[in-house]
Asks: 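If you scroll down you'll find the structure; I have some questions about it.
Atoms considered below: every heavy atom in the structure, side chains included; atoms not considered: hydrogens, waters and symmetry mates. Throughout, protein chains are lettered first and strands after them, A, B, ... in sequence-line order, and every chain is numbered starting at 1.
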Protein chains: 2
Amino acid sequence: MNKRFRLLETPTIKQAYQIVHKGILGHRNIIIIGNCWVEYNGRASSKLEPGERIVIIKRDGSVLVHRPRDYAPINWQPPGSLFKTMIRNNSIYIRAYKTKENESLEIIFDKIYLVASLRLIDTGEFYLYASEKDMHDAIMIEPSLIEEGFNPLVMERPVESGFIDILGVDNKGRLTVIEVKRKIAGKEAVLQLEKYVKVLKKSTGKKVRGILVGPEISKGVQALLATLNLEFIPVSPKDCYEILGIGRNKKITEFSLDEI
Amino acid sequence: MNKRFRLLETPTIKQAYQIVHKGILGHRNIIIIGNCWVEYNGRASSKLEPGERIVIIKRDGSVLVHRPRDYAPINWQPPGSLFKTMIRNNSIYIRAYKTKENESLEIIFDKIYLVASLRLIDTGEFYLYASEKDMHDAIMIEPSLIEEGFNPLVMERPVESGFIDILGVDNKGRLTVIEVKRKIAGKEAVLQLEKYVKVLKKSTGKKVRGILVGPEISKGVQALLATLNLEFIPVSPKDCYEILGIGRNKKITEFSLDEI
DNA sequence: TAATAAATGTCGTTT
DNA sequence: AAACGACGTTTATTA
């Protein structure tokens with residue numbers, strides 16, 4: 001009786017309880033579809049009144065309560081939750097809690113349309129391209145993305161209160177700070193850049209260029225950029241993707257090694 | 001043949017395709033469990049190699065690809081996606097795309113353990129307590145949370161580049177800006193508060209008090225707070241929750257009738 | 001539509 | 001454990 005997939009359609013509460021209870025003990029993935037209500041207490045408190053929902057309990061102890069709409073779960077519990085289940089009033093009580101964080105989620109089902117307990121096998125790799133880090137790499141490989149004669153020196157240079165994405169020297173020998181954004185750069189990006197420029201000005205005593213790099217800059221902050229004497233140079237993630245080469249697949253799990 | 005729940009265990013690709021295709025057309029909620037691989041192109045690009053996953057397609061056009069672990073979906077598409085489905089090489093292709101944002105998610109299943117098409121009915125209300133807004137309300141109702149004699153004047157007061165959470169006058173008649181955080185206040189909170197104080201100082205020409213309110217302040221920024229001549233007063237979400245009263249239920253979402 | 005701030009943000013990494 | 005920044009953040013609100 002250790003099948004990879006156990007599934008019951010419109011089970012009784014008792015039958016469903018068996019599946020859920022054993023599934024949680026066996027660290028399986030569980031899906032429950034039925035009528036339920038939910039209470040959450042922790043960083044905030046919430047109450048969800050009865051309705052038909054999809055609940056997923058994962059083997060790492062994460063819980064998701066999904067309504068028929070919306071990307072985000074209406075209630076959830078992060079990985080590492082502990083569980084307590086019971087039957088009362090012909091309903092299934094599922095409590096997922098974290099003692100240290102003092103957070104608890106209680107889901108009560110009084111009608112179940114489908115319950116499944118699964119041992120899923122998923123070893124597939126996940127690759128993500130054209131992340132902000134990829135953009136850094138692309139600029140290091142092809143500095144002319146910034147401007148002719150730009151000479152990048154170091155990536156991820158630590159300074160007080162943060163990291164300078166790229167630090168380099170321009171074609172006139174001026175120290176240049178580059179702040180990279182993968183999407184439209186807003187006020188925070190400009191302020192971040194200004195902060196690094198300030199720090200470097202102070203520590204070197206010389207003039208320092210600050211360049212914001214990204215696909216676009218939000219209209220509202222162009223004035224701020226000018227006021228602070230900073231520059232914007234448009235570079236899209238796509239440009240970087242192409243420079244890195246279509247064949248270059250960067251495994252997410254290998255980022256750290258790659259970086260060093 | 002318009003049952004609220006349609007479900008097939010280990011269907012053929014053709015059978016599963018029928019369920020998925022019709023389900024998407026009928027704006028139903030769809031769950032697919034099986035072996036799949038995924039490609040995403042949009043703000044970034046990603047590739048997920050084959051494995052067994054749970055895919056949820058919701059009636060609002062959101063898509064979630066869940067691995068057996070982790071709270072977050074490994075791939076997804078926000079609500080409002082358009083769909084294209086087809087069979088090729090005895091596999092089901094599901095493309096969820098957004099033309100305007102130029103984002104596309106392609107999921108390919110070659111083996112399906114379970115497919116379900118559901119018309120879920122969920123009209124239950126959702127209530128959330130002790131949000132940051134609740135904290136604002138509590139301070140307006142019980143200003144002594146800040147200090148004796150504090151007199152709050154306006155909430156959400158717009159100023160250039162943002163909103164002052166609460167603007168009031170202290171027991172010595174000084175204009176006072178209050179910035180509320182529901183969790184440990186970090187550097188951003190202090191800088192935000194300072195920005196608003198600065199703006200008000202400039203526009204009034206008078207001295208302005210700035211008070212950061214929240215459950216806690218991060219250790220590192222206490223010095224910054226002092227330097228900027230700002231104050232911190234501890235108030236927890238729980239305090240506010242109690243002032244607002246257990247009976248006070250705040251409606252977050254009212255589901256429209258198109259749910260039915 | 002763009003911009004801005006909140007979120008039970010989550011998820012890493014570094015101190 | 002706390003702090004800090006990035007995220008395909010998402011979501012809501014407002015100009």
Asks: Return the set of residues passing side chain to side chain contact (heavy atoms under 4.5 Å, CB included) with A/E216 (not counting sequence neighbours), or none when no residue passes.
Replies: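 With neighbours one apart ignored, the set is A/I184.
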Asks: Over how many whole Å does the gap from A/E156 atom CD to C/dT14 atom P extend?
Replies: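 From A/E156 CD to C/dT14 P: 10 Å.
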Asks: With respect to the side chain of B/R182, which nucleotide from C/dC11, D/dC7, C/dG9 is positioned closest?
Replies: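 Among the listed nucleotides, the one closest to the side chain of B/R182 is C/dG9.
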Asks: Compare the minimum distances between each of D/dC4, C/dT8, D/dG8 and the side chain of B/A44, then state the nucleotide with the smallest one.
Replies: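 Closest of the options to the side chain of B/A44: D/dG8.
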Asks: Indicate, with a heavy-atom threshold strictly under 4.0 Å, whether A/N41 touches base, sugar-phosphate, or nothing.
Replies: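 The answer is nothing, as A/N41 stays clear of every strand by at least 4.0 Å.
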Asks: Counting any heavy atom closer than 4.0 Å, what does B/E188 reach on the DNA or RNA strands: base, sugar-phosphate only, or nothing?
Replies: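 Answer is nothing: B/E188 stays at 4.0 Å or more from every strand.
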Asks: Think A/K133 has a side-chain N or O under 4.0 angstrom from the OP1 or OP2 of D/dG5?
Replies: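 The answer is no; no side-chain N or O of A/K133 sits under 4.0 Å from OP1 or OP2.
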Asks: Would you please confirm or rule out a distance under 4.0 Å between OP1 or OP2 of C/dT4 and any side-chain N or O of B/Q192?
Replies: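 No, no such contact exists.
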Asks: Tell me which nucleotide among C/dA5, D/dG8, C/dT8 gets nearest to the side chain of B/Y196.
Replies: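 So the side chain of B/Y196 is nearest to C/dA5.
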Asks: On DNA chain D, does the nearest nucleotide to B/P79 precede the nearest nucleotide to A/K181 from the 5' side, or the other way round? Give the residue.
Replies: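 Its nearest nucleotide lies further toward 5', so the answer is A/K181.
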Asks: Taking for each residue the nucleotide of DNA chain C with the nearest heavy atom, is it B/A72 or B/K100 whose nucleotide lies nearer the 5' end?
Replies: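 Whichever sits nearer the 5' end wins; that is B/K100.
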Asks: Can you pull out the residues from residues 212-220 of chain B that lie within a 4.0 Å heavy-atom distance of DNA chain D?
Replies: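 B/S218, B/K219, in order of number.
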Asks: For C/dG9 and A/R43 - does any side-chain N or O of the residue sit under 4.0 Å from the phosphate oxygens OP1/OP2?
Replies: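 Yes, A/R43 has a side-chain N/O under 4.0 Å of OP1/OP2 on C/dG9.
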Asks: D/dC7 C1' sits how many Å from B/Y40 OH, rounded?
Replies: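 That distance rounds to 11 Å.
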Asks: Counting runs of three or more consecutive pairs, Watson-Crick or G-U wobble, with each distance below 3.5 Å, where are the stems of DNA chain C?
Replies: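 Counting only runs of 3 or more consecutive pairs, the stems involving DNA chain C are C:1-7 with D:9-15, C:9-15 with D:1-7.
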Asks: Any ion pair linking B/K58 and A/D70 (charged N to carboxylate O, less than 4.0 Å)?
Replies: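 No salt bridge links A/D70 with B/K58.
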Asks: Distance check needed: D/dT10 P versus B/N75 CG, whole Å only.
Replies: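 The answer, rounded to whole Å, is 12 Å.
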Asks: Look at the side-chain N and O atoms of B/W76 and state whether any lies under 4.0 Å from the OP1 or OP2 oxygen of D/dT9.
Replies: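 Checking B/W76 against D/dT9: no side-chain N or O falls below 4.0 Å of OP1 or OP2.
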Asks: Is the closest basic N to carboxylate O distance between B/K181 and B/E179 below 4.0 Å?
Replies: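 Result for this pair is yes, salt bridge flagged.
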Asks: B/P158 near the nucleic acid: base, sugar-phosphate alone, or nothing, with a heavy-atom cut-off under 4.0 Å?
Replies: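 B/P158: no heavy atom of the nucleic acid under 4.0 Å.
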Asks: Expressed as a whole number of Å, how far does the P atom of D/dG8 sit from that of C/dA5?
Replies: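 Looking at atom P only, D/dG8 and C/dA5 are 22 Å apart.
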Asks: Could you give the NE2-to-C1' distance, from B/H66 to C/dT10, as a whole number of Å?
Replies: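 From B/H66 NE2 to C/dT10 C1': 13 Å.
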Asks: State which of D/dA6, D/dT14, C/dA6 makes the closest approach to the side chain of B/D165.
Replies: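 Side chain of B/D165 sits closest to C/dA6.
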Asks: Ignoring backbone atoms, establish whether A/R69 has a side-chain N or O less than 4.0 Å from OP1 or OP2 of D/dT11.
Replies: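 So the side chain of A/R69 is outside the cut-off, no N or O lying under 4.0 Å from OP1 or OP2 of D/dT11.
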Asks: Sequence neighbours left out, what passes side chain to side chain donor-acceptor pair (under 3.5 Å) with A/E52? Give chain and number order.
Replies: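 For A/E52 the side chain to side chain donor-acceptor pair (under 3.5 Å) partners, ignoring immediate neighbours, are A/Y113, B/R4.
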Asks: In whole angstroms, how far is the P atom of C/dC11 from the CD atom of A/Q77?
Replies: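 Whole-Å distance recorded here is 12 Å.
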Asks: With a cut-off of less than 4.0 Å, is there a side-chain N or O of A/K183 near OP1 or OP2 of D/dT9?
Replies: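 Yes.
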Asks: Take A/I211 and A/V177 through the side-chain contact (heavy atoms from CB on, under 4.5 Å) test and state the conclusion after the steps.
Replies: CA-CA 6 Å; A/I211 301 178; A/V177 175; over 6 Å; no
Asks: Measuring from atom CG of A/N41 to atom OG of A/S104, what distance do you get when rounded to the nearest 0.5 angstrom?
Replies: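 Answer rounded to 0.5 Å: 6.0 Å.
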Asks: Report the distance from atom CD of A/E101 to atom C1' of C/dC11, rounded to the nearest whole Å.
Replies: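 Rounding to the nearest Å, CD of A/E101 and C1' of C/dC11 are 14 Å apart.
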Asks: Tell me the interatomic distance from A/L128, atom CG, to D/dT9, atom C1', rounded to whole angstroms.
Replies: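 So the two atoms are 13 Å apart, to the nearest Å.
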Asks: For B/A72, what residues pass the side chain to side chain contact (heavy atoms under 4.5 Å, CB included) criterion, not counting sequence neighbours?
Replies: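 Testing B/A72 for side chain to side chain contact (heavy atoms under 4.5 Å, CB included), a comparison that skips the adjacent residues, returns none.
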Asks: Going by atom types only, do A/E103 and A/Y40 share a side-chain donor-acceptor pair under 3.5 Å?
Replies: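 A donor-acceptor contact under 3.5 Å links the two side chains.
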Asks: Would you call the rings of B/Y241 and B/Y129 parallel, tilted or perpendicular if under 30° counts as parallel and over 60° as perpendicular?
Replies: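 Perpendicular, since the angle between the ring planes exceeds 60°.
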Asks: DNA chain C: B/A130 or A/I184, which has the more 5' nearest nucleotide?
Replies: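 This one resolves to A/I184.
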Asks: Just wondering, do B/Y71 and C/dT10 stack (centres under 5.5 Å, planes under 30°)?
Replies: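 No; by the centre-distance and plane-angle rule, B/Y71 does not count as stacking on C/dT10.
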Asks: Hey, does A/E103 reach any base, or is it just sugar-phosphate, or nothing, if we go heavy atoms under 4.0 Å?
Replies: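 Answer is base: heavy atoms of A/E103 come under 4.0 Å of a base.
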Asks: Measuring from the side chain of B/K195 (C-beta onward, heavy atoms only), which nucleotide among D/dC4, D/dT10, C/dA5 has the closest atom?
Replies: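 Minimum distance to the B/K195 side chain belongs to C/dA5.
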Asks: Measure the spacing between CE of A/M155 and NZ of A/K133 and express it to the nearest 0.5 Å.
Replies: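 Taking CE in A/M155 and NZ in A/K133, the distance rounds to 8.0 Å.
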Asks: Can you give the donor-acceptor pairs under 3.5 Å from side chains of residues 221-231 of chain B to other protein atoms, not counting sequence neighbours?
Replies:
| from | atom 1 | to | atom 2 | distance (Å) |
| --- | --- | --- | --- | --- |
| B/T227 | OG1 | B/A223 | O | 2.8 |
| B/E231 | OE1 | B/R209 | NH2 | 2.5 |
| B/E231 | OE2 | B/R209 | NE | 2.8 |
| B/E231 | OE2 | B/R209 | NH2 | 3.4 |

Asks: For the side chain of B/V221, counting heavy atoms from C-beta on, which of D/dC4, C/dA5, D/dT9 is nearest?
Replies: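 Minimum distance to the B/V221 side chain belongs to D/dC4.
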